[in-house]
Visitor: 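Submitted below is the structure of interest, expressed as structure tokens.
All residue numbers in this chain count up from 1 along the given sequence.
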Amino acid sequence: MTLDDLRVFIAVCEAGNLSAVARSLSCTQSAVSQHVRRLERETGIALIERRPRGVVPTAAGRTLYQAALGGIASLDAALRGLGELRDGHGGTVKITTGGVTVRHFMADAITAFRRRHPRVTLEFHSAHSARRCIDLLRGGQVDLAWITLGRPLPGVQLRAVIDLPWVLVVHASDPLAAREAILPADLAAIRYIAQPDNSASRQRLEDDCARHGMTFPAPVGVADWDTAVLLAELDIGHAVLPALPRLLDAPGSPARAIPIPFLTPITVGWATRQWHTLSPLATEFADLVTAELEGGPAPAALSGGRPYAGANGDHPYHLP
């Protein structure tokens with residue numbers, strides 16, 4: 001068997017579709033099948049089961065998938081480290097997250113990390129959804145993903161960092177600004193500034209509201225977190241948002257944030273392919289972010305948060 005065989009097999013297990021893997025690799029479906037058959041000849045056992053709507057790994061296939069995933073991730077990290085040593089670089093840590101989340105969750109950790117490692121590059125790949133973040137992670141294009149956490153993901157390890165309750169952001173002159181808490185009936189009549197359709201936090205919010213028997217009115221606008229705050233400051237509408245660490249940190253902001261206690265907080269944190277295969281630099285950056293958000297000390301080696309067992313514009317920008 002070859003490394004290419006294993007890489008293709010991992011892709012087949014994750015996509016569940018031979019033709020989809022062929023398209024992503026710019027090859028034929030027959031070529032993808034040949035990689036899988038070569039592994040099956042080598043191991044002497046069936047590794048995938050063909051079904052009407054695609055393929056799934058057999059029990060043996062799942063065993064090989066887990067072993068190959070860790071091995072390939074370790075090898076990729078080692079090869080990248082060797083390349084950085086060869087080229088004289090201090091190293092690179094690659095992170096993917098939503099376009100506005102770096103300011104809210106990572107600003108202090110970035111400053112601390114830069115002081116410790118001035119020659120290391122932090123490379124951020126902005127993605128428009130948690131799904132895209134996970135695609136970049138699984139594809140080996142990044143080391144870490146910062147996402148809203150949901151159900152367990154095959155081939156990905158999750159680590160919860162902070163729970164965020166929901167708040168309603170309104171202009172200070174709005175009648176709701178004087179409330180101590182927001183009730184379900186209040187949300188039914190707001191001028192709703194929605195988050196983008198593919199946002200995991202919007203889906204979580206609207207699902208939670210549906211469980212309480214309520215729906216939002218038609219949105220007056222769709223915006224990311226920071227733009228939603230700006231629109232609320234301009235009294236354009238009302239934004240239902242997670243209580244982000246830097247939600248209203250602009251001096252003199254005319255907006256107010258009122259708790260919505262009946263909604264279930266969302267959990268955000270880290271995702272990676274295998275924690276034990278991360279480079280020491282990537283692990284240290286993840287630990288720094290965790291420590292800053294949890295309000296604890298930031299030594300060189302931290303626990304990195306708590307394990308989690310819960311339910312195109314991707315252009316990188318650099319902090320060299």
Side-chain angles (χ1 to χ4, degrees), residues 1-87 91-96 125 127 130-145 147 151-159 270-283 286 307-309 314:
M1 68 179 72
T2 67
L3 286 176
D4 282 343
D5 293 336
L6 292 172
R7 291 183 192 276
V8 171
F9 178 69
I10 289 171
V12 168
C13 290
E14 292 177 348
N17 187 288
L18 297 177
S19 60
V21 174
R23 286 193 300 271
S24 69
L25 298 177
S26 300
C27 66
T28 65
Q29 183 172 326
S30 174
V32 172
S33 296
Q34 288 174 15
H35 284 288
V36 176
R37 284 198 295 269
R38 188 154 46 234
L39 288 173
E40 290 180 327
R41 286 197 301 269
E42 184 76 17
T43 60
I45 193 170
L47 298 174
I48 63 170
E49 177 185 345
R50 287 169 173 79
R51 294 185 177 178
R53 299 179 65 88
V55 298
V56 296
T58 63
R62 289 193 294 273
T63 298
L64 180 61
Y65 166 76
Q66 292 294 338
L69 192 67
I72 292 293
S74 297
L75 181 60
D76 286 344
L79 291 174
R80 195 178 77 198
L82 291 174
E84 289 167 349
L85 288 173
R86 179 197 63 216
D87 298 334
T92 302
V93 178
K94 300 182 180 182
I95 305 107
T96 182
H125 292 246
R131 177 178 296 179
R132 179 57 184 160
C133 287
I134 294 302
D135 287 344
L136 291 172
L137 185 68
R138 284 174 169 160
Q141 294 160 268
V142 296
D143 305 302
L144 292 160
I147 59 172
R151 66 182 185 279
L153 300 169
V156 174
Q157 293 184 347
L158 304 177
R159 183 167 289 174
W270 291 114
T272 190
R273 286 169 292 178
Q274 297 283 328
W275 282 102
H276 72 275
T277 65
L278 274 182
S279 71
L281 288 170
T283 300
Y308 183 75
D314 308 312

Visitor: Hey, could you give me each pair passing salt bridge (Lys or Arg N to Asp or Glu O under 4.0 Å) that has a residue in residues 49-75? Not counting sequence neighbours.
Guide: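 Output for this query lists Glu49-Arg51.
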
Visitor: Kindly give the heavy-atom pair with the smallest separation between Cys13 and Tyr65, and that separation in Å.
Guide: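 That closest heavy-atom pairing would be CB-CD1, 3.6 Å.
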
Visitor: Mark yes or no for whether Thr96, through its side chain, and Ala145, through its backbone, hold a donor-acceptor pair below 3.5 Å.
Guide: no

Visitor: Filter on salt bridge (Lys or Arg N to Asp or Glu O under 4.0 Å), then keep only pairs touching residues 26-37, sequence neighbours left out; what's left?
Guide: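 Every pair satisfying salt bridge (Lys or Arg N to Asp or Glu O under 4.0 Å) with a residue in residues 26-37: there are none.
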
Visitor: Please examine the side chains of Ile48 and Thr58, heavy atoms only from C-beta on, and report whether any two atoms are closer than 4.5 Å.
Guide: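 No; the side chains remain at least 4.5 Å from each other.
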
Visitor: Could you tell me which non-hydrogen atom of Ala15 sits nearest to which non-hydrogen atom of Val21, and how far apart they are?
Guide: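 Taking Ala15 first and Val21 second, the nearest heavy atoms are CB-CG2, 3.8 Å.
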
Visitor: Output the distance between atom CG (Leu153) and atom CG (Leu137), rounded to the nearest 0.5 Å.
Guide: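 One gets 9.5 Å once the value is rounded to the nearest 0.5 Å.
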
Visitor: If you look at every heavy atom in Ala271 and Leu158, which pair is closest and at what distance?
Guide: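 Answer, listing the atom of Ala271 first, then Leu158: CB-CD2, 3.6 Å.
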
Visitor: Output all residues satisfying side chain to side chain donor-acceptor pair (under 3.5 Å) with Glu40, sequence neighbours left out; order by chain, then residue number.
Guide: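 Listed in chain order: nothing, the list is empty.
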
Visitor: Indicate yes or no: at least one non-hydrogen side-chain atom of Cys133 is less than 4.5 angstrom from one of Arg138.
Guide: no

Visitor: Could you grab the distance from atom CG of Leu278 to atom OG1 of Thr283, nearest 0.5 Å is fine?
Guide: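 Leu278 CG to Thr283 OG1: 4.5 Å, rounded to 0.5 Å.
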
Visitor: Under a 3.5 Å distance rule, please check whether Thr63 uses its side chain to pair with a backbone N or O of Ala59 as donor and acceptor.
Guide: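 Yes: the side chain of Thr63 pairs with the backbone of Ala59.
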
Visitor: Whether the side chain of Trp270 engages the backbone of Ala286 through a donor-acceptor N/O pair (distance < 3.5 Å, no angle test) should be reported.
Guide: yes

Visitor: Could you grab the distance from atom CZ of Arg131 to atom CD1 of Ile147, nearest 0.5 Å is fine?
Guide: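 Output value for this atom pair is 12.0 Å.
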
Visitor: Considering only heavy atoms from C-beta outward, does the side chain of Thr28 approach that of Val32 to under 4.5 Å?
Guide: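 No, their side chains stay 4.5 Å or more apart.
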
Visitor: Which residues satisfy the side chain to side chain donor-acceptor pair (under 3.5 Å) test with Asp4, sequence neighbours excluded?
Guide: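 For Asp4 there are no side chain to side chain donor-acceptor pair (under 3.5 Å) partners, ignoring immediate neighbours.
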
Visitor: Under the rule for side chain to side chain donor-acceptor pair (under 3.5 Å), what residues qualify as partners of Ser19, not counting sequence neighbours?
Guide: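 Partners of Ser19 under the side chain to side chain donor-acceptor pair (under 3.5 Å) test: Asn17.
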
Visitor: Is a side-chain N or O of Asp143 found less than 3.5 angstrom from the main chain of Lys94, in a donor-acceptor match?
Guide: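 Side chain of Asp143 to backbone of Lys94, a donor-acceptor pair under 3.5 Å: yes, one is there.
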
Visitor: Please confirm whether the backbone N or O of Trp275 pairs with a side-chain atom of Gln157, one donor and one acceptor, at under 3.5 Å?
Guide: yes

Visitor: Return the minimal non-hydrogen interatomic distance between Asp135 and Gln141, and the atom names on each side.
Guide: O-OE1, 4.4 Å

Visitor: Please name the pair of heavy atoms, one in Arg132 and one in Ala127, separated by the smallest distance, quoted to 0.1 Å.
Guide: CG-CB, 3.7 Å

Visitor: With heavy-atom distances below 4.5 Å as the criterion, would you say the side chains of Ile134 and Val156 are in contact?
Guide: yes

Visitor: Please enumerate all residues that pass side chain to side chain donor-acceptor pair (under 3.5 Å) together with Arg38, with sequence neighbours excluded.
Guide: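 Arg38: side chain to side chain donor-acceptor pair (under 3.5 Å) contacts with Asp5, His35.
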
Visitor: What is the minimum heavy-atom distance between Ser33 and Leu18, and which atoms define it?
Guide: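 Residues Ser33 and Leu18, closest heavy atoms: OG-CD1, 3.6 Å.
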
